[in-house]
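Only heavy atoms go into these numbers, but all of them, side chains included; no hydrogens, no water, no symmetry mates. Computed from a prediction, not measured in an experiment: that's the story for all the values here.
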Amino acid sequence: MNSRYADIIWENLLKVGVFLSLLTTVTVIILLAKEAWSFFNIVSISEFFSGIRWEPLIEPKSFGVRPLVIGTFLIAFGSLVIALPLGLFSAFYLSEMASPKIRGLLKPALEILAGIPTVVYGYFAITFVTPMLRVVFPQIEIFNALSAAIVVAIMILPMIASLCDDAFRALPRSLREGAYALGATSDEVIWGVLLPASFGRVVAAVMLALSRAAGETMAVTLAAGSSPNSSFNL
């Protein structure tokens with residue numbers, strides 16, 4: 001009897017948690033829609049999406065969001081180009097080639113990297129990444145998108161590596177054994193069996209990493225500066 005009442009209590013608590021989560025989400029959407037409606041009564045939609053100047057504090061005020069969108073996608077996809085192959089190779093190594101001892105050391109290290117504050121990555125970009133880039137590209141500016149893309153790639157690398165590693169290790173052992181029994185090499189097992197079998201989970205990991213890269217602000221602001229422009233030049 002006590003166990004039944006405990007189950008009922010926990011079920012109701014979980015229902016309240018779900019309801020509060022949905023209520024919070026709906027409230028945020030309503031408030032954003034309300035503020036957006038007030039904003040677009042002052043600024044035209046065409047000016048907002050096609051304008052090339054974002055200067056909301058300087059007279060005459062300009063609210064062109066295009067430079068912000070271009071900068072966001074430039075840094076997000078630039079970081080993904082760097083982090084995706086490194087993350088996949090790390091996951092392949094951890095799941096298929098690393099010994100239990102090495103895996104026990106590297107896997108927690110990746111998790112620690114994911115917990116470093118973003119402001120630390122921003123200062124790392126200013127004090128280390130950009131000076132190193134200026135050795136190779138002397139003409140590069142102090143605030144640049146390439147430095148921001150590199151540090152954001154370092155930020156999302158643990159997420160891609162860890163999630164892809166979990167996806168590979170969740171596959172049945174029989175898939176690997178069957179491929180090896182047919183004479184496949186390790187490379188063929190990785191690229192021909194593991195990756196296709198876990199492709200959906202890998203895509204989900206990439207999308208999660210891309211969403212974090214696109215939503216990153218502090219590291220990008222410190223590395224790339226706060227003066228948006230419409231250039232596609234990293």
May I ask you to check whether over 12 heavy atoms, not counting those of I142, lie within 6.0 Å of atom CD1?
no

Can you tell me if CZ on F40 sees more than 12 non-hydrogen neighbours from other groups inside 6.0 Å?
yes

I need the L113 CG to L157 CG distance, nearest 0.5 Å.
7.5 Å

Step through the shown structure and confirm whether more than 12 heavy atoms of other residues, nucleotides or ligands are within 6.0 Å of CE on M132.
no

CE of M155 to CD1 of I150: how many Å apart, nearest 0.5 Å?
14.0 Å

Between D165 and R103, does the salt bridge (Lys or Arg N to Asp or Glu O under 4.0 Å) criterion hold? Intermediate values first, please.
CA-CA 11 Å; D165 172 54; R103 175 182 169 81; 2.8 Å; yes

Separation of Y180 OH from E177 CD (nearest 0.5 Å):
10.5 Å

How far does CZ of F124 sit from OG1 of T130, to the nearest 0.5 angstrom?
10.0 Å

Pairs involving residues 8-30, ordered by first then second residue, that meet salt bridge (charged side-chain N to carboxylate O under 4.0 Å, His left out) (sequence neighbours left out):
E11-K15

Side chains of E111 and S162: do they bring a donor and an acceptor to under 3.5 Å?
yes

Check the surroundings of atom CZ in F128: do more than 12 heavy atoms from other residues, nucleotides or ligands lie under 6.0 Å from it?
no

Kindly write out the residues that satisfy side chain to side chain donor-acceptor pair (under 3.5 Å) with E141, not counting sequence neighbours, or none if the list is empty.
none

Looking only at heavy atoms, the pair that brings T72 and A214 closest together is CG2-O, 3.6 Å

Closest approach of A213 to V152 (non-hydrogen atoms, all atoms of both residues):
CB-CG1, 3.6 Å

Is there a path of hydrophobic side-chain contacts, each under 4.5 Å between heavy atoms, that joins L163 and F168?
no

Pairwise side-chain contact, L171 with R176, heavy-atom cut-off 4.5 Å (strictly under):
yes

Co-membership, hydrophobic cluster, residues I8 and W10, 4.5 Å side-chain:
no

Should the ring pair F89 and F92 be called parallel, tilted or perpendicular, given that the plane angle runs from 0 to 90° and is split at 30 and 60?
tilted

